[in-house]
Amino acid sequence: MDWKPFIGLPLWFWLFVLPTLLTIASWVLKEKARKILTPIWRFLNVLYTTSGIIAAFFMVIILLLIVAQMIARWSGVTFHGSTEFAGYAMAATSFFALAHALNRGAHIRVSILLNLNNFTKRWVDIFALFVAAIIATYFARYAIKANIFSEMLNDRTQGQDTVPEWLLTLFETLVTSPTQWAVLWSQTSSDMVYTPLWLPQIPMSIGTTLLAIALWDNLIRFVVLDKSNIKGEMV
Amino acid sequence: MTEIYATIIFLVVLFGLLGSSVWVGLALMGVAWVGLELFTSRPAGDAMITTIWTGASSWTLTALPLFIWMGEILYRTRLSQDMFRGLAPWMRLLPGGLLHTNIFGCTIFAAVSGSSAATLTTVGKMSIPELRRRGYPEYMIIGTLAGAATLGLMIPPSLTLIVYGVTINESISKLFLAGVIPGLVLATLFMSYIVAWHFVKKSERPEADKSMSFGEMFAESRFLIPVLVLVFAVIGSMYFGWATATEAAAVGVIGALVLATSQGSLNLSTFYESLMGATRTSAMIALILMGAAFLSLAMGFTGIPRALATFIDGFELSPIALIAMLTVFYIILGMFLDGISSVVLTMAIVEPMIRQAGIDVIWFGIFIVIVVEMAQVTPPIGFNLFVLQGMTTHEISYIAKTAIPMVLLMVLMVVIMVIWPELATWLPDNMRSTPG
């Protein structure tokens with residue numbers, strides 16, 4: 001039931017088979033693929049960097065939250081849910097930076113076979129990218145599923161952290177049709193509500209999806225250009 | 001019987017994926033998935049995300065990016081130039097001379113940075129050319145540097161210890177404090193090696209520099225003193241219970257920013273670079289932790305850790321024999337994997353084992369760090385070797401050979417730790433309780 005059909009074909013086809021077919025097609029059509037893909041590559045590069053900068057922004061948020069927590073403690077004020085918020089920011093930092101870290105060669109791997117000779121360097125790298133892309137796609141697929149389920153089951157935090165209701169409505173606005181917006185906002189109070197888990201889980205969905213895209217992207221770049229987009233890797 | 005099959009399949013898939021250069025974090029996820037699908041009826045994907053989300057959004061983990069960031073800021077300041085200038089006049093007074101700047105420099109930088117590669121580059125960038133110019137023998141320069149840089153893993157803040165603490169759910173402040181004394185003892189062992197060289201190989205001693213007055217010595221080390229103050233602030237705030245590990249890290253970041261600003265080496269581009277560098281390193285470790293969290297869940301379901309702990313228990317090994325066995329095991333593992341990966345990969349299995357044997361987990365954290373430290377300087381895969389190769393253009397085999405005495409000293413350190421476990425446990429046992 002996890003792989004329900006989507007536009008007539010099972011979900012696993014769209015997630016795993018289609019990118020594989022795209023990779024093979026680009027491999028065969030090298031020059032043509034390069035022409036079509038170059039603008040997409042340029043766009044993706046911007047996307048990865050942007051996501052990295054968002055991650056860095058959340059790291060600054062962690063710092064500010066912790067400083068605020070310390071100041072609150074010294075001045076005898078209680079700061080409800082500061083640890084939960086710092087945890088959410090931590091998750092956002094990690095997930096948003098996954099793809100950017102990959103392209104800048106920060107993720108580590110065992111490189112004994114990779115360094116053996118030029119033949120293994122090429123084929124082992126292609127194999128590793130392919131396997132990694134499959135695993136990352138699986139990861140992203142379940143991250144999104146968990147995110148959607150958190151929303152459906154209305155999972156709330158177990159801590160004391162609250163967020164203003166309008167913030168939730170703001171996100172809901174993005175996924176509802178404009179005709180419903182008036183109703184949606186008229187039902188929104190200015191109250192604080194316990195954080196629903198789907199909100200901090202959004203970075204997980206975005207970050208893992210970007211990592212999967214980045215791995216497929218690197219694989220395709222590798223077969224087309226004979227080199228991936230991963231720079232400065234210490235192998 | 002299933003446990004044996006499960007173990008074999010786990011190992012084959014694990015080494016297959018790791019060996020074919022799949023990124024460590026993703027490889028661990030792949031192994032865990034295979035394990036769950038084959039040996040349980042639990043829905044693998046949903047279990048995976050629940051575990052990963054809980055781990056990735058945990059409060060304890062927030063110390064990690066902040067300590068990385070603190071090191072990144074100081075790495076981009078003039079600290080490394082000033083370190084040599086500030087230390088050299090003092091080190092000249094010791095037998096063995098300026099070679100001690102390698103050890104002292106690494107110890108100090110280790111105390112502001114949790115990674116040994118950063119420690120190595122920061123100290124080596126200045127000390128290698130300066131020591132060469134003064135005519136110290138090459139094998140002593142490279143060897144002491146390779147060895148001493150591993151202190152970065154042990155002296156707090158240590159990324160490996162944060163990862164260990166998060167994995168087994170122990171207090172990171174306690175682990176940090178536990179690392180202080182063994183780190184200093186190890187540094188002392190390295191220094192005695194230099195002193196021994198000084199007296200044994202008299203012919204290799206270079207000429208002494210001209211002497212300096214105390215006033216000049218203080219003037220030269222004026223940049224070093226604020227860094228030392230920052231180190232004591234960070235470690236002290238944890239010891240006296242003023243701050244948790246994460247809060248100490250926040251203090252460290254702010255202190256580092258203030259220091260860098262006052263030195264004039266902080267501008268928009270170094271700030272941005274330090275922030276992005278820290279974000280990447282922390283994402284790298286986070287991905288490994290995600291994979292490891294899923295893997296330990298999968299292994300827990302198969303019952304391997306419990307079975308193995310009972311199996312090992314059946315031998316009725318003394319704790320010392322168990323430690324000796326684990327030392328050999330980690331040294332071999334460390335030849336192929338980096339420290340953090342070896343820790344997260346094995347803890348699911350090793351933790352029940354050591355708890356059953358009645359070994360203190362805080363002590364074990366320090367032990368495991370010393371053994372994975374050795375891995376940094378043992379071929380074929382040793383990160384310090386790679387970094388040093390990049391810096392000096394020596395062959396890896398040559399660098400590894402010069403580091404052999406240091407590796408032996410680390411083995412000696414393990415023995416010392418077994419004989420006097422209080423070295424690691426005394427400070428954490430005496431710290432004030434931490435808030436929140």
Side-chain angles (χ1 to χ4, degrees), chain A residues 2 52-53 55-56 58-60 62-63 65-67 69-70 73 83-84 86-91 93-98 100-102 104 106-114 124-125 127-129 131-132 134-136 138-139 141-143 145-147 149 197 200-201 204 211 215 234-235, chain B residues 17-27 29-30 33 43-46 48-50 52-53 56-59 61-62 64-66 69 117 243 246-247 249-251 253-254 272 275-276 278-284 286-290 336-338 340-341 380-381 383 386-387 390 435-436:
Chain A
D2 261 356
I53 291 171
F58 275 105
M59 203 164 85
V60 179
I62 299 179
L63 177 69
L65 278 169
I66 289 161
V67 171
Q69 185 202 34
M70 278 193 287
R73 201 176 64 219
T83 51
E84 277 81 13
Y88 301 150
M90 176 68 216
T93 308
S94 313
F95 285 114
F96 275 123
L98 285 178
H100 172 67
L102 174 80
R104 295 290 296 268
H107 291 305
I108 49 172
R109 49 176 171 169
V110 180
S111 51
I112 301 176
L113 276 184
L114 218 51
V124 170
D125 216 358
F127 177 77
L129 277 167
V131 174
I134 297 270
I135 297 172
Y138 182 85
F139 185 15
R141 186 245 175 275
Y142 278 96
K145 184 187 168 195
N147 205 163
F149 265 64
L197 274 187
Q201 280 179 343
M204 173 166 76
L211 178 69
L215 281 159
M234 217 169 62
V235 289
Chain B
L17 286 180
L18 284 179
S20 55
S21 315
V22 176
W23 288 267
V24 176
L26 294 171
M29 277 180 208
W33 178 81
D46 301 315
M48 163 169 103
I49 295 299
T50 314
I52 288 179
W53 171 253
S57 61
S58 87
W59 151 254
L61 203 57
T62 48
L64 185 78
L66 295 185
W69 192 14
T246 308
E247 290 168 347
V251 171
V253 171
I254 290 168
Y272 175 78
L275 190 57
M276 294 306 280
T279 309
R280 285 193 293 268
T281 310
S282 118
M284 176 272 277
L287 183 63
I288 298 176
L289 281 173
M290 290 175 201
F336 304 98
L337 274 179
D338 69 288
I340 288 174
S341 307
I381 305 282
F383 277 79
F386 292 144
V387 177

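Please read these numbers as outputs of a predicted model, since none were measured by experiment. Within every chain, numbering begins at 1; the chains are lettered A, B, ... in the order of the sequence lines, protein sequences first and strands thereafter. All heavy atoms count here, side chains included; hydrogens, waters and symmetry mates do not.
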Could I get the full list of side chain to side chain donor-acceptor pair (under 3.5 Å) partners for B:Ser341, not counting sequence neighbours? B:Asp338
What distance separates A:Met59 CE from B:Thr62 OG1, expressed to the nearest 0.5 Å? 12.0 Å
Which atoms of B:Leu275 are under 4.5 Å from chain A, going by heavy atoms: the side chain, the backbone, both sets, or neither? both
Drop me the distance from B:Met276's CE to A:Arg104's CZ, to the nearest 0.5 angstrom. 7.5 Å
Heavy atoms, side chains only, cut-off 4.5 Å: are A:Tyr138 and B:Met29 in contact? no
Main-chain N/O of A:Val110 paired with B:Ser21 side-chain donor or acceptor, under 3.5 Å: yes
Looking only at heavy atoms, which two atoms of B:Gly30 and A:Ile135 are closest? And how far apart? CA-CD1, 3.8 Å
Indicate the atoms forming the closest heavy-atom contact of B:Ser20 with A:Val124, along with that distance. O-CG1, 3.5 Å
Any idea which of B:Ser58, B:Pro65, B:Ala286 has the most non-hydrogen atom pairs under 4.5 angstrom with chain A? B:Pro65
Between atom CE of A:Met204 and atom OG of B:Ser57, what is the distance when rounded to the nearest 0.5 Å? 8.5 Å
Nearest heavy atoms of B:Gly19 and A:Leu113, plus distance in Å: O-CD1, 3.4 Å
Smallest separation among heavy atoms of B:Thr279 and A:Ala55, with atom names: CG2-CB, 3.5 Å
B:Ile52 side, atom CD1; A:Tyr142 side, atom OH - distance, nearest 0.5 Å: 13.0 Å
State, to 0.1 Å, how close A:Arg109 and B:Val24 come at their nearest heavy-atom pair, and which atoms those are. CA-CG2, 4.0 Å
To the nearest 0.5 Å, atom CG of A:Leu215 lies from atom CG of B:Leu26 at 6.5 Å
To the nearest 0.5 angstrom, please state how far the CG atom of A:Leu211 sits from the CH2 atom of B:Trp23. 9.5 Å
Chain B contact via A:Glu84 - which portion, at a heavy-atom distance below 4.5 Å: neither
So do A:Ile108 and B:Ile288 actually touch side chain to side chain, heavy atoms under 4.5 Å? yes
Determine the option with the most heavy-atom pairs under 4.5 angstrom with chain A, choosing from B:Leu64, B:Thr281, B:Leu18. B:Leu18
If you tally heavy-atom pairs under 4.5 Å between each of A:Ala101, A:Ala97, A:Ala56 and chain B, the highest tally belongs to A:Ala56
So which of B:Leu61, B:Ile254, B:Ile340, B:Ile49 has the biggest tally of heavy-atom pairs under 4.5 Å with chain A? B:Ile49
For B:Trp53, which residues count as a side chain to side chain donor-acceptor pair (under 3.5 Å) partner, sequence neighbours excluded? none
Closest non-hydrogen atom pair between B:Met284 and A:His107, with its separation: CA-ND1, 3.5 Å
Given heavy-atom pairs under 4.5 angstrom as the criterion, report whether the side chain, backbone, both or neither of A:Leu129 touches chain B. both
Determine the option with the most heavy-atom pairs under 4.5 angstrom with chain B, choosing from A:Phe95, A:Phe96, A:Phe139, A:Phe58. A:Phe139
